[in-house]
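Since the structure comes first, as structure tokens, the remarks are kept for the end.
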Amino acid sequence: MEEKAKAVELPSVTIDGVTLPAQWNRMFEPRVINQYDISVLEETTAIPGAESLGYCYQCGKCTGVCPIDTVGDYSPRKIFRRTQIGIPLIDSPDLWLCTTCRNCLRVCPKEVNMIDIMPAVREQAVLEGKAPQELLTAFENTARYGNPLGEAPRKRADWTKSAGVEVRIMSQLKAPVDVLWFVECYPSYHPRGKDASVALARILDKLGIDFGILGVEEKCAGDSQRMAGERGLFEMLAEQNISTLSKYEFETLMVTDPHAYNAFLHEYPKLGGSYKTVHYTQLLAPLIDQMGLSQEVPARVTFHDPCYLGRHNGEYEAPRRLLEAIPGIDLVEMGRCKERSYCCGGGGGGMWLDSFTRDHTSARLSEMRVREAIEYGAEILAVACPYEVSRFEDAVKSTGNAGRLKVMDISELLALSMGLIPMEALA
Amino acid sequence: MKKVLAFIDVVDGQPGEIGYELLDFARQAAPEAELVAVGAGPQAALEGLAGADRALWTVADGYRPDLVGEVLTAAIVAEQPDLVLVGSTAVGMDAGTYAAAKSGYASIAYVRSLEPLDGSLAAQSVILGGKMVARVAVPDRTVLQVLAGAGSAERGRVPGRPAQVGTLAEPAAKASFEGFGRPEAQDVDITRHDVLVSVGRGIGDASNIELAEELAEALGGVVSSSRPVVDAGWLPKARQVGKSGNKVKPKVYLALGISGAPEHLEGMRDAACIIAVNTDPAAPIFEVAHYGVVDDVLDFIPALTESLRVRQG
Amino acid sequence: MRIAVVMKLVPDVVEELVLSEDGKRLERGDIALKANEFDEQALEQALLLKESSGAELTVIAAETGDVDEMLYTALAKGADRALKLVGDGLQDGIWNAQYAGILVDVIADVGADAVLTGVQANDDLDGQLATWLAAGLGWSFATVVSGVEAAGESLIAKKEFAGGLTANLRLPLPAVLGIQASPEPPRYAPISRVRQIMKTQSLEEREVTAPAGSITVLSLRPPEKTGGAEMIEGDVQAKAARIAEVLAQQGI
């Protein structure tokens, strides 16, 4: 322990005519307050990718915007501080709570980059066998089946059977297409994800867009597995997808999933796969005039910006333009929107850490967000990321708001207005 | 078919139900054959085996895997039966295939029934996680591992001892027995129960868990749940079924107010009999369930508990 | 101690099970195969033994499909050697009696004094491998084991019975164990490590000849389809009474 600081005082001083007796002029000599053993911090920042954790100067701006801080004792500032005083991040539950939503990086004056730090330290943890079991199950499923749900690869295109329109599979088509649609896992397998896929297929068909999908050849894009610390798995998936994509000719790669969008924009090019990639909202927004949005969807709607479409990649307008074009919709913005948007909790591996997160936080982020939507009087929470439908629908029920708020993908709302799915879907 | 051997499981001095089931199974499959019960355990375990024509018994205590294997081998060598039945149990797994290999018999596992085949028999075996049934020719001199429930213990249990009890000398065993471990009293391990009364969000409130507890008690099972119930803190984590909880395979799974998210189905779809109750007729749980009821669980559970009490008198 | 872990590929029942034209077996080219999950438990138990007692660990698998990834994964988890058994006829799959017949010589050559394998597999129609092997080798054995500790020239195995009852058994080496569950869940092998191992280590190969199998499958088919739930109608009392009847039929 450091010695107590030594007091310096004079029996009496007079300053500007004011006399200060000893107890009022007492001062303390400077005391060293930073003689920690910072080896734990140094070990952490020595991990390639985690260097910027050391830049933190504890201003606390991140704490004010960190979604996890609203449900727990957590923020990048606290992570730095804990590491500084000798609590290894690699062994701390903190490591698995970050959803890589990027809100901290937006405000950080020192550019402490959790988007790099988290996957780097997590990768180390995975190698050392320190990752939560439920996350490893998702990794194993992805490695074995090409999707984190553990569903049969051969059933990846089964959803097209209920599409009611032709969805062509590239391996059978043997011809170039304008748009290759990278459907991704949840839109292929999750019941509510499939609803949105069906809606989107019908929209593309109606617009006469020349499109195809990879079907059973498609593997998970792998971005969230990368953020959750399994870079090797990501690279394996990326190599397989790049090799599959190289067989086909297409103008544009359209993705349903903002996480896949992020991977194709920033990570696949590093591995040799560069494509003109758009999110489906970006593909559709310029085509509003041709969509025939005739049916009224009379509802107060709010939109949740997906972290990986908005903050990560700067797209805020395309989804809004589409929603505003739908007759009858009264679009209201929540307080936390656009670049300040909240997070659904599914990113960065959060999708596969539900039980772990629950044990270390007071509420799910999805529950907080659903309550916010309801505060703003929304009847429909519109989403544009396949992680969100199931998370928010779950949260609507768990917060006791069943019947008060409907969660719908933008593609479903568009299809409703185009008369491509029955209005009963709103009931 | 002249002679059938049935191996009687004995653990900790107690014969298991499977032994009686095998005696019934043997009688159904080969009514004319001489039926010989074989086992290793205390003399008292012979009580209730009067359904067998004879017994060959080794008096032994504790439990040694190679001892049961050698006892069955010795019995087969001595008796040269046409057919040998063991249970698909922890004891049968030690004895059956081992004795078959030692005595030059064929071995067929996971048998749920036998049927005639050109003067001989064919076995129906349930394999590949219950997704396939294999019909397998049963050659003369075969050891069958028979699934629990293939015969009726009620019919197979006949008071008294077999009319004739021969003694098999205790064979040499390499393994030595160092004692039994008993399960500790703690929160239930839902993976070990035959009946699970599983509640989901439809249960509404923590106070309603009691209704499920009463039903479970009436059924001799325990209460498990889907994730939201555990998340809400209404039941401990150990009770959770599904992706992030336990994978269970009970005889009966009652899904009460569980809609059947894929994450939940992953943990319970292998249950032998699934009964689902939900207000939503389109709930996916009905796709995997064997029986479905569209109703509010808060009305249905008390009605079922009452029904069971009436049946049980 | 030298431990051999014997693994095998089994049909992955998550995937569609495609029947051959004669309806007697699965069309092996059209189904997905994966490591038997109980063999993965056996591997984990062996790794724990290696860590606690310093055993040398050899993983063995017959090439009844693409076993390379399974073997490399075992190396990535910490196995010392990986031995692939190759030979004519293996690709169509082999019964456990045949597998055991092959393994008796292999295990003698490996010099193992303990063999760990899964307690069962979803396709072992002719009985379980551990006991076929124990009889073939003439070693001590136990099946349904959920914990193993080394004790000098013996292994102490915990065998499980129904209802949570267990027996502690002292098995003199050499011994064969059919593993139900490892005390720890099978560890995860990060893909980057598996890929690294694939580049730096190689699998040993050994030519083997399988003896003839002893069982004849007449047909293979899915069980009678229930086709979704049988929906019970009526008022709540009637429905409850019917379900009570169903429960009684289930022997509850």
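These numbers were taken from a predicted model, which means no experiment stands behind them. Letters A, B, ... mirror the listed sequences (proteins, then strands); counts begin at 1.
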So which residue, [options], ends up with the most heavy-atom pairs under 4.5 Å with chain C?
options	value
B:Q145, B:R64, B:E154	B:Q145
B:D295, B:L128, B:V293	B:L128
B:S176, B:A137, B:G220, B:S307	B:S176
B:H193, B:E306, B:R311	B:R311
B:A106, B:C273, B:P281	B:C273

Is the shortest heavy-atom distance from the side chain of [X] to the side chain of [Y] under 4.5 Å?
X	Y	result
C:T117	C:Q128	no
B:R182	B:D12	yes
B:L308	B:L215	yes
B:F180	B:V11	yes
C:I94	C:I102	yes

[X], part contacting chain B, at a heavy-atom distance under 4.5 Å:
X	value
C:V236	both
C:A121	backbone
C:W139	backbone
C:Q180	neither
C:L247	side chain
C:V10	neither
C:K158	neither
C:I156	side chain

Ionic contact status for C:R25 with C:D92, cut-off 4.0 Å: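 A salt bridge is absent here (no side-chain N lies under 4.0 Å from a carboxylate O).
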
Electrostatic pair B:E115-B:R135, nearest N-O below 4.0 angstrom: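 B:R135 and B:E115: salt-bridged.
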
Of all the heavy-atom pairs spanning [X] and [Y], show the shortest one and how long it is.
X	Y	value
B:K251	B:A272	O-CB, 3.4 Å
C:D124	B:A109	O-CB, 3.7 Å
B:D24	B:S152	OD2-N, 2.7 Å

Set of side-chain contact (heavy atoms from CB on, under 4.5 Å) partners for B:E17, sequence neighbours left out: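 side-chain contact (heavy atoms from CB on, under 4.5 Å) list for B:E17, sorted by chain: B:Y20, B:E21, B:A153, B:R157.
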
With chain B as the partner, which of [options] has the greatest number of non-hydrogen pairs under 4.5 Å?
options	value
C:D123, C:L169, C:L26	C:L169
C:A142, C:A130, C:A175	C:A142
C:V144, C:V119, C:T143	C:T143
C:L17, C:L171, C:D12	C:L17
C:K159, C:Q250, C:R242	C:K159
C:A248, C:P172, C:G136	C:P172

B:T191 and B:D189 side chains, donor-acceptor separation under 3.5 Å: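 A donor-acceptor contact under 3.5 Å links the two side chains.
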
Residues from residues 84-91 of chain B approaching chain C under 4.5 Å (heavy atoms):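 So the qualifying residues are B:A90, B:V91.
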
Please state whether the side chain, the backbone, both or neither of [X] comes within less than 4.5 Å of a heavy atom of chain C.
X	value
B:L117	side chain
B:Y110	side chain
B:L219	both
B:V310	neither

Sequence neighbours excluded - side chain to side chain donor-acceptor pair (under 3.5 Å) pairs with any residue from residues 144-155 of chain C: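 Qualifying pairs, neighbours excluded: C:S146-C:E160.
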
Interatomic spacing from CZ in C:F161 to CG in B:D9 - rounded to 0.5 Å: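 CG of B:D9 is found 9.0 Å from CZ of C:F161.
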
Donor-acceptor pair, side chain of B:K131 and main chain of C:V13, under 3.5 angstrom: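 The answer is yes, because a donor-acceptor pair under 3.5 Å joins these two groups.
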
Whether B:E214 side chain and B:P302 backbone form a donor-acceptor pair below 3.5 Å: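 The answer is no, because no donor-acceptor pair under 3.5 Å joins these two groups.
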
Salt bridge (charged side-chain N to carboxylate O under 4.0 Å, His left out) contacts in which one or both residues fall within residues 171-181 of chain B, not counting sequence neighbours: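 Of all non-adjacent pairs touching residues 171-181 of chain B, those that pass salt bridge (charged side-chain N to carboxylate O under 4.0 Å, His left out) are B:E178-C:R170.
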
